[in-house]
Amino acid sequence: MGFLVWLEESSLGIFIRESLWGYPIVLSSHAVGMATVMGVVVALNFRALGYAKDISMLAFDKLFIIGWIGFVINLVSGLILFCNTPTTYFFQGSFQLKIAFIVAGGILMKVVMNNVRGVGAEDMMKVYSGACIACWFGGVITGRLMAYL
Amino acid sequence: MDYETYAPLASWFEATWMGEQMRNIFWLFPAMETVHFIGLTIMFGSLLVIDVRVIGFGRFINMRAALKFIPVAIAAFTVNLLSGIAFLCADPFRYFPNIAFQWKMGLIVIAGLNALWFWFGEHKELQQLADGEDAEFRAKVIAALSIAIWVVVIVFGRMIPYVEY
C-alpha cells in the first residue's frame, strides 16, 4: 500500500493526472498497442486453429516480433496509466482480472508457439489456441470495463 | 460543422429504436464498446497479416493465404460499423460536432478508398507472388498507408471523449 501511495504521489502520477494532454495521449498509445498485440495474437491463433493453413507458421514468426512491440508499448503506457490512481486500480476487480487474463494469455501464447515450432503435442494445440484467444479477449473486455466497474 | 447542418440528421439518429435502446439499457453502451474493441483487434490483426506480407517484412508468408484475411477484416469492419452506428444513435449531438469523430470518419473513408485501390489495382498481381518474392513498390505504399491510416483512426477514436467542449 505504501508503494502504491508513493507511486500515486510520484511526479509521473501527478503528470498523468494533471497534464491536459498526457492522459489522452498515453491512453491512445495504449489503444494502438492493444490493436497491435491483440491483432497479432488473433492472427496467429486463427492460423493455429486451422484458418489460412497455407501460411507456414514459421513465416508467421515475423508477426510475433510486431506483437512484442505492441506488448512493450502497452506495458509502458499501461504502467504510466496505472500511476494515475494506483491505490484504486490495484484493488479493482476488473483490473485484477485483466492482468490475470493477460498473464494466462501470454503463457498460452508461448505454449501455442512451442507447439507450432514442433515442441509438444499437436493435438492439444487447438485447445490451447482457443483458450489463448479467449484469455486475450477477456483482457480486452475487462480492460474496457475498468471504466465502469 | 454548423449546428444547422447536422441537427436534422442527428435528430433522426437520436430518434431511432437503436438510440433508444442504447440510452435505456445501462449495460448496452459498455457492451457495445467491448464489441467495438474486439472488432478493432480482429480487423487490425487481419490487416497486419496482409500488409506485413506486402511490405516485405513477412515476405515468406504465403500471399494467397494472407489474402484470406481480407474477408475476416471485412467481417470485423462490419461489426465495428454496426457498433459504431449504435454509439452514434445513442448521442448523435455529441458525436457530429466532435472534431476527433469528424477526422476519424474522414480517415475511414480514405482508408476505404485505399482498400479499393488495393483490391482493384493490386490484388490480382499480388496473388501471383511466390513465397519470399517482393511486391511492387506501389503495393507496398498502399500497405504502409493502410497501417498508418488505421493507427490514426484508432487514435482519433480514442480521443473522441477528450476533445469535447
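A, B, ... follow the sequence lines: proteins, then strands. Residue 1 opens every chain. Quantities reported herein were computed from a predicted structural model and do not represent experimental measurements.
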Heavy atoms only, distances under 4.5 angstrom: which of A:Ser56, A:Gly67, A:Ala35 has the most pairs with chain B? Name it, please.
-> A:Ala35

Largest heavy-atom contact set with chain B, pairs under 4.5 Å, which of A:Val32, A:Ile55, A:Val42 =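 Of A:Val32, A:Ile55, A:Val42, A:Ile55 has the most heavy-atom pairs under 4.5 Å with chain B.
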
Please report, to 0.1 Å, the donor-acceptor pairs under 3.5 Å made by any side chain of residues 142-149 of chain A, with sequence neighbours excluded.
residue, atom, partner, partner atom, Å
A:Thr142, OG1, A:Gly138, O, 2.7
A:Thr142, OG1, A:Gly139, O, 3.3
A:Arg144, NH1, B:Glu33, OE2, 3.3
A:Tyr148, OH, B:Glu33, OE1, 2.5
A:Tyr148, OH, B:Glu33, OE2, 3.4

Among B:Val155, B:Val49, B:Ile38, residue most engaged with chain A (heavy-atom pairs, under 4.5 Å) | B:Ile38

Do you know which of B:Phe60, B:Trp27, B:Phe57 has the most heavy-atom pairs with chain A at a distance under 4.5 angstrom?
-> B:Phe57

Would you indicate whether the side-chain heavy atoms of [Y] and [X] approach each other to under 4.5 Å?
X: B:Ile61; Y: A:Lys62; answer: no
X: B:Thr41; Y: A:Trp136; answer: no
X: A:Phe137; Y: B:Ile42; answer: yes

Neighbours of chain A found in residues 107-145 of chain B - heavy atoms under 4.5 Å |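 Result: none.
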
Okay, B:Val52 and chain A: the region with an atom under 4.5 Å from a heavy atom over there is side chain

Could you tell me which residues in residues 2-29 of chain A have at least one non-hydrogen atom under 4.5 Å from a non-hydrogen atom of chain B, sorted by residue number?
->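 Those residues of residues 2-29 of chain A which have a heavy atom under 4.5 Å from chain B are A:Trp21, A:Tyr23, A:Pro24, A:Ile25, A:Leu27, A:Ser28.
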
Positions in residues 76-95 of chain A that reach chain B, provided some heavy atom is under 4.5 Å away |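 Residues in range: none.
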
Non-hydrogen atoms of B:Phe69 and A:Ala43 that approach each other most closely = CZ-O, 4.1 Å

Nearest heavy atoms of B:Leu48 and A:Thr36, plus distance in Å = CD1-O, 4.1 Å

